[in-house]
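When reading the values below, keep in mind they use all heavy atoms of this one structure, side chains included, and skip hydrogens, waters and symmetry mates. Below, chains carry the letters A, B, ... as their sequence lines are ordered, and counting in each starts from 1.
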Amino acid sequence: MPAGEDERKVKTEASRYFSTELLNWYLANKRDLPWRKNRDPYRVWVSEIMLQQTRVDTVIPYYERFMEKFPTAAALAEAPEPEVLKLWEGLGYYSRARNLQAGAREVLALYGGIVPDDKDKVAALRGVGPYTTGAIMSIAFNRPEPAVDGNVMRVLSRYFCLEEDIAKPATRVGIEKLAGSLIPEGSAGDFNQGLMELGALVCTPKSPGCLTCPVMMHCEGRMAGKEHILPIKSKAKPPRPETRLAALITGSGEHEGKLLVRQRPETGLLAQMWELPHVLAESGAAGSVKRRGRGKVVSAELEIAAAAAASESMPADQGGASLMERHAMQADYLTRALSSDEGLLVRPTGWWGETEHVFSHIVWNVQVFRAEFGFWQQLPELAPGTESELPTAAEAAAPYGEGVPRANYRWIGPEQMKELAFPNVFVRILRDYWHGLD
DNA sequence: CATTCGTGGTT
DNA sequence: TAACCAAGAAT
């Protein structure tokens, strides 16, 4: 018998063993999770979106609240967008919420609110990629489609001793073919969930529980003594540091006791969420003042003044300035930037505190300052194509009269936190601020 | 293909 | 404690 044929035979037996044992293990050991109550495709869909890059324990309360509020695709499709985002507050990766609702609207418009039992149609839904397509098709419809997530790549890398870098997209494609070939006839949903369940409960990233593993006997990674070095995964780039200067701006008169907040842009980081007004203070050194990016209107005059101040009090970025001096410089820069960028005139009254917030690719050091609201500058209208004639800082700072904010700003009290969706970094600051007033 | 998108738990 | 990483998709 040729060596190649023999190898294939061994592999086939190990594969059959794997599929059978894993399926039986899952049926006996599966967790009782809210999205396993039934196989409603919409419920499966919502759970899979929430579970993207997010732990089961974190998702559970969000899932319960979400399904109570939006029990069907039609209910989600017809909801106001801010309401959906608010229910997602704190869960992260907020574009998932928007994409999920966009998908629900597709399902309502194209399929009468019923998630179609059709791989291509499901895959075409907004926010549904290769993994989620396989998960919905297999779990909800029991179709024999692979659903390869991080768990599955880890489990199969170990079981078959695969040494490809699972951080590479091409590796996932290969593992999908393998995973698809392992699906037992008629049990796609249970098998795929079993694969992930094993990764979550036994074949964990560090210190895998080989002694209790249902497929330990034929695990090639373990037999090769490589269970601890598999899967191979190249390291991610470390997040870049950013210093953010934020303002707690208090109002007077009808806005007495309230704070000024604003809504973020439609796209990008924390899209459409609410936040304290803040500006980027570039360069790692917490106090340094430098040109801000993307053609933002910062006049040369202002930059020269700031740079002069910086070079005087902060020689060679060695932090020669005292903490108080640095805070004074930052408050000054923040005030000028809010004026120049937003037409928002405030009077800084002191440093309030700082906090660190880690995103996947950025680390924010947030320096928070208190300030009192002054007025909105009435900025001159700009004719199209005359961006190069934007006002200088001195002109922009000149009071043209009472104006209105350019972006979406609101005055809020503590009770209004329940209406708007804030990212956690600002939830913490605002909670501490209002708590400190008591 | 590499980067951009949050947050919190685990080791 | 710093690193790692979790039921990924869009660009």
Side-chain angles (χ1 to χ4, degrees), chain A residues 26 30-31 33-36 43-63 85 88-100 102-103 122-136 138-140 146-155 165-173 175-176 179 189 192-201 203-208 228 231 233-240 264-273 275 355-364 421-428:
Chain A
Y26 174 69
K30 66 176 179 178
R31 287 171 291 179
L33 300 172
W35 44 89
R36 289 178 178 164
R43 292 177 57 89
V44 173
W45 179 16
V46 172
S47 74
E48 292 301 339
I49 299 299
M50 285 191 171
L51 285 163
Q52 288 169 6
Q53 299 292 287
T54 311
R55 284 173 160 31
V56 164
D57 289 343
T58 302
V59 166
I60 290 174
Y62 282 89
Y63 182 78
L85 193 58
W88 213 273
E89 181 184 79
L91 197 53
Y93 287 134
Y94 299 101
S95 67
R96 290 184 296 175
R98 274 201 69 165
N99 290 339
L100 177 58
V122 167
L125 296 172
R126 186 88 189 146
V128 177
Y131 162 75
T132 306
T133 300
I136 293 173
S138 62
I139 299 171
V148 175
D149 69 341
N151 284 312
V152 175
M153 289 199 284
R154 183 175 60 256
V155 169
D165 183 355
I166 66 167
K168 304 284 190 202
T171 303
R172 198 212 73 234
V173 177
I175 293 182
E176 267 178 353
N192 283 348
Q193 291 184 84
L195 215 34
M196 294 185 277
E197 198 84 337
L198 187 72
L201 301 181
C203 196
T204 49
K206 292 169 185 176
S207 62
H228 288 288
K233 187 175 184 180
S234 53
K235 285 179 186 169
K237 202 175 67 173
R240 67 176 185 274
R264 294 180 61 85
E266 292 277 326
T267 59
L269 182 68
L270 305 170
Q272 295 178 29
M273 304 206 57
E275 65 180 8
T355 183
E356 194 117 307
H357 190 72
V358 182
F359 298 96
S360 307
H361 55 307
I362 312 173
V363 181
W364 274 5
F422 288 86
N424 270 1
V425 55
F426 294 110
V427 168
R428 286 195 209 95

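- A:Y93 and A:S360 are linked by a side-chain donor-acceptor pair at a separation below 3.5 angstrom, with hydrogens and angles left out of the test.
- As judged by a 4.0 angstrom heavy-atom cut-off over every strand, A:S47 is placed among residues making no nucleic acid contact.
- Separation of the P atoms belonging to C:dT11 and B:dG6 is 14 Å when rounded to the nearest angstrom.
- Between A:V152 and A:M196, the closest side-chain pair of non-hydrogen atoms falls below 4.5 Å.
- No side-chain donor-acceptor contact under 3.5 Å links A:R154 and A:T204.
- Along DNA chain C, the nucleotide closest to A:G127 and the one closest to A:R31 are compared, and the more 5′ of them pairs with A:R31.
- At a threshold of 4.0 angstrom between heavy atoms, the contacts of A:G90 are confined to the sugar-phosphate backbone, with no base atom among them.
- If you check the side chains of A:Y131 and A:Q52, you find no donor sitting under 3.5 Å from an acceptor.
- As judged by a 4.0 angstrom heavy-atom cut-off over every strand, A:I139 is placed among residues making no nucleic acid contact.
- Within 4.0 Å of A:R98, counting heavy atoms only, lies no atom of the nucleic acid at all.
- Here A:A236 lies out of heavy-atom contact (under 4.0 Å) with every strand.
- Annotation: of the two residues near DNA chain C, A:R154 and A:R126, the 5′-most nearest-nucleotide partner is A:R154.
- For the pair A:D57 CG and B:dT7 C1', the computed distance is 14 Å after rounding to whole Å.
- With rounding to the nearest 0.5 Å, the separation of CH2 in A:W45 from CD1 in A:I139 is 15.0 Å.
- Of the listed nucleotides (B:dT11, B:dA2, B:dG8), B:dG8 has the atom at the smallest distance from the side chain of A:R55.
- Under the 6.0 Å cut-off for aromatic ring centres, A:W35 and A:Y63 qualify, their centroids lying closer than that.
- An OP1 or OP2 oxygen of B:dG6 is reached within less than 4.0 angstrom by no side-chain nitrogen or oxygen of A:H357.
- When rounded to the nearest whole Å, the span between CG of A:N99 and C1' of B:dT4 equals 13 Å.
- Rounded to a whole angstrom, the distance from the P atom of B:dA2 to that of C:dA7 is 23 Å.
- Using a 4.0 Å heavy-atom criterion, one finds that A:W35 contacts the bases of the nucleic acid, with or without backbone contacts as well.
- Regarding contacts with the backbone of B:dC5, a side-chain N or O of A:H361 is found under 4.0 angstrom from either OP1 or OP2.
- Following rounding to the nearest Å, A:I362 (CD1) and B:dT4 (P) show an atom-to-atom distance of 8 Å.
- The side chain of A:Y93 contributes no N or O atom lying less than 4.0 Å from OP1 or OP2 of B:dT4.
- Within the 4.5 Å cutoff, side-chain heavy atoms of A:E266 are placed close to those of A:Q272.
- The 5' end of DNA chain B is approached more closely, in terms of each residue's nearest nucleotide, by A:R96 than by the other of A:R96 and A:S207.
- Ranked by how close their nearest DNA chain B nucleotide is to the 5' end, A:R240 and A:A170 are led by A:A170.
- Here the C1' atom of nucleotide B:dC1 and the NZ atom of A:K237 are 14 Å apart, to the nearest Å.
- With hydrogens and angles left out, the side chain of A:T54 and the base of B:dG8 share no donor-acceptor pair within 3.5 Å.
- Residue contacts for A:L270: at a heavy-atom cut-off of 4.0 Å it reaches the sugar-phosphate backbone alone, with no base atom in range.
- Atom CH2 in A:W88 sits about 13 Å away from atom C1' in B:dC5, given to the nearest Å.
- Atom P of B:dC5 sits at a distance of 22 Å from the matching atom of C:dC5, rounded to the whole Å.
- B:dC5 atom P lies 18 Å from atom CG of A:N424, rounded to whole Å.
- A donor-acceptor contact under 3.5 angstrom links the side-chain atoms of A:S360 to the base of B:dG6.
- Counting 5' to 3', DNA chain C first comes under 4.0 angstrom of a heavy atom of chain A and last does so at the ends given by C:dC4 to C:dT11.
- Residue contacts shown for A:V358 include a base, since a base heavy atom lies under 4.0 Å away.
- Separating the CG atom of A:L91 from the P atom of B:dC5 is a distance of 18 Å, rounded to the nearest angstrom.
- Using a 4.0 Å heavy-atom criterion, one finds that A:P130 contacts the sugar-phosphate atoms exclusively.
- Regarding A:K235, its NZ atom lies at a distance of 16 Å from the P atom of B:dT3, rounded to whole Å.
- Note that CZ of A:R96 and CG of A:L85 are 11.5 Å apart. Values are rounded to the nearest 0.5 Å.
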* Given side-chain contact (heavy atoms from CB on, under 4.5 Å), test A:L201 with A:R31 step by step and report yes or no. => CA-CA 10 Å; A:L201 301 181; A:R31 287 171 291 179; 4.0 Å; yes

